[in-house]
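Structure record follows, encoded as structure tokens.
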Amino acid sequence: MLEGEPVHIRFPDGRGVDVPRGTPAGGALALWDPGRAGTFLAALWKGLPVDLASPLLEGGELAPLSFADRAGRDILQHSAAHLLAKALVETIPEARPTVGPPTDEGFYYDFEVRPLTPGDLDAIRTAMHRSVQAREAFRRREVSRDEARTLFARNPYKLRYIAEVPEGEAVSVYDTGAFTDLCRGPHVPDTGWLAGVHVLGFSAITPDAPGSVPLQRVRGVGFPTPKELEAYLKLRAEAEARDHRTIGSRQELFLFLDEAPGFPIWLPKGMVMVRELEKFVTEHLREAGYAEIRTPLLFAQSVYETSGHWEHYRENMFLSTVENRVFGWKPMNCPGSMLVFGSRSRSYRELPLRLAEFAPLHRLEASGTLHGLTRVRELVQDDAHIFCTEEQVEAEIRVLLRWIREAFSTFRLTWSYELSTRPAKFLGEAALWDRAEATLEKLLKESGIEYRVSPGEGAFYGPKIDIHIRDSLGRPWQTGTIQLDYQIPQRFRLEYQGPDGQLHTPVVVHRTILGTWERFLGVVIEHCAGRFPPWLAPVQARILPVTEHQAPGANGLADELRAVGLRVEVGGTEESLAKRVRTAELDRVPYIAVLGEREIADGSVALRVRGQKANRPMSRPEFVEYVRDRVRRREYDP
RNA sequence: GCCGCCGUAGCUCAGUCGGUAGAGCGGCUGAUUUGUAAUCAGCAGGUCGGGAGUUCGAUUCUCUCCGGCGGCUCCA
């Protein structure tokens, strides 16, 4: 091809254009769609991401990338990481940058550098801002391996990455002002695109590799404009306001003491909610043919040796030595259920045998991982074990998948499924694992469920389907789990007599739906920002007499509500009505009933529904029935 | 557990460049009897997370332990 000879470029809408050879990708895209060209931050050239400055040397397919595309978003995050590295090295010249990838949330960059301080962060932010103002270009250069090794001679991390570049692939570096980083690219055209970048914080991390030194990880987020960044930061501030730890304290649901780290203390109002969840789950258990049992919190070491927990889970167990015998606090309910099943001979006619147990479990979680209600050391699962034949497994799991849909819909949560497969440390034979994994996968597929596969994340005894629920800000939490287990029943030598007269080992499905009361409530609190559905609310209605003359009437109404099983409080009259309404709203009480002279006279109530200023007058029986009905139907909104 | 940061009244936070601390809300008492997001006044409440060290003197500086937060790792 001759210099300047036109090349033919095709675009996603099928249109094409001839441009002089060597035209930058950005130039071609501007010809194609001048209106949107300003939002293009990189391009896809023959399916691979490239810089807008990249010259088109031959014909081919060209598509734009903007922030709206995941790939484009990642490019902006990655460019932000470069900008951060530039600023950090300007601030602390001896710092050695390692890697700075985009993440789901934003981006980070790891450095080998002295421990950072908040003051460093300020200096880094200033340096980044300066660079953004200067609109410094990201310039790509391809260099020889020798040149690259010279450029990064002081940085062993980069030298290692240079050595890892496959033979035949060019080593590329990007210059941003005076800063040069090893990078495959592509990048946004210049730092002016990074006005919506914000450094969130830093923390030390310890890389996996043996002998490696701790690194400082600086995290940030990037948006195309400062306005979008502001919107994001506002969302984060809201997330802080709905933190379950804050709401739990404000509404007196639970607390933690220094003397019992990771052990939640349920206060009366929180305990009401735990009981409501229990009731919600238990109703289903009754319909679905479960039986409830209770087994000890402690078992002798030998039980865990049989179950495999001694080998695979001991470091997470609380142990007690009594009369020279070691007892372990159970971290899971399975051993107890196994012992109950094995306590006498069983017939196939009993299967599926569904044993539920809601016992407190103890897990010695590392202190640094504890987090409010969502990561605790004492927890209660809505747990059950289904003992069944291999043929019964599918039907049982189908029921569970249906129940998951129903349960999470009640809370208006969105959830997702994850299939976790055989871990490095596992019990049993690989072939059995493959079969179990195939079964779970088939069930997910036939239900039309979208799921993610997490290789190696299964329990040590079997693969599992995990449920992740997201709170309203999109943060995922693992809750329910369905685990298929061919191992532990064998280890406990569980058997049932089949129709063939032979003894067979049952399969066990371990499953929880909500997961644990603790974590589930933590997420629900954040999801609804403490404005609980009436059925779950610790106080469902508060009755406010306007003056003390209406107090007897208010108490009478409260009795009527209590008589139908509702949780009611009657407000005092020491404070102004406005103040008491305000307090009730801040307490997130779903129904506020005001009783004044008028209401007493005509037997009505002035109902104020939580969050709604306008009040609805209704007769007392109407009011009682209205609240009762919405609670009974577990309506989400009051 | 690892790294960093933090710990002042029940809660949210101010403050002390080393001389033993304040506010708002909440609580209690009194007055007010109130019509839909804060009526007024008064009072009580803190060995400034625990321990040790430096100092004439430590809530303030140092060390250490405990706890919390943000990450890492791990998980329901």
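Sequence lines set the chain letters: A, B, ... in the order given, protein chains first and strands last, and positions in each chain run from 1. Computed over heavy atoms, backbone and side chain alike; hydrogens, waters and symmetry mates excluded. Note that this is a predicted model, so its numbers are computed, not measured.
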If the cut-off is 4.0 Å, is A:Lys613 near the phosphate of B:A37, judged by side-chain N/O to OP1 or OP2? yes
Think A:Arg217 has a side-chain N or O under 4.0 angstrom from the OP1 or OP2 of B:G4? no
base_contact_polar (B:G35 base, A:Glu599 side chain, donor-acceptor, <3.5 Å): yes
Checking A:Arg422 against A:Phe426: charged group under 6.0 Å from the ring centre and within 45 degrees of the axis? yes
Is the phosphate of B:A76, meaning OP1 or OP2, less than 4.0 Å from a side-chain N or O of A:Gln478? yes
Would you kindly check whether a donor in the side chain of A:Arg245 faces an acceptor in the base of B:C69, or vice versa, at under 3.5 angstrom? no
Are more than 12 heavy atoms from other residues, nucleotides or ligands located less than 6.0 Å from atom CZ of A:Arg452? no
Check whether any side-chain nitrogen or oxygen of A:Lys464 sits under 4.0 Å from OP1 or OP2 of B:A76, and answer yes or no. yes
Give a yes/no answer on whether the side chain of A:Thr547 brings an N or O atom under 4.0 Å of OP1 or OP2 in B:U33. no
Can you confirm whether A:Trp310 sits close enough to A:Arg314 that some side-chain heavy atom of one is under 4.5 Å from a side-chain heavy atom of the other? yes
Give a yes/no on whether any side-chain N or O of A:Arg250 is located under 4.0 angstrom from OP1 or OP2 of B:C25. no
For A:Tyr108, does the six-membered ring have the charged nitrogen or CZ of A:Arg217 within the cation-pi criterion, i.e. under 6.0 angstrom from the centroid and within 45° of the normal? yes
Check: B:A38 base within 3.5 Å donor-acceptor of A:Arg580 side chain: no
At less than 4.0 Å, is any side-chain N or O atom of A:His371 found next to OP1 or OP2 of B:G70? Yes or no. yes
For B:C2, the Watson-Crick or wobble partner whose two distances fall under 3.5 Å: B:G71
Below the 4.0 Å mark, does B:G35 have OP1 or OP2 next to a side-chain nitrogen or oxygen of A:Lys579? no
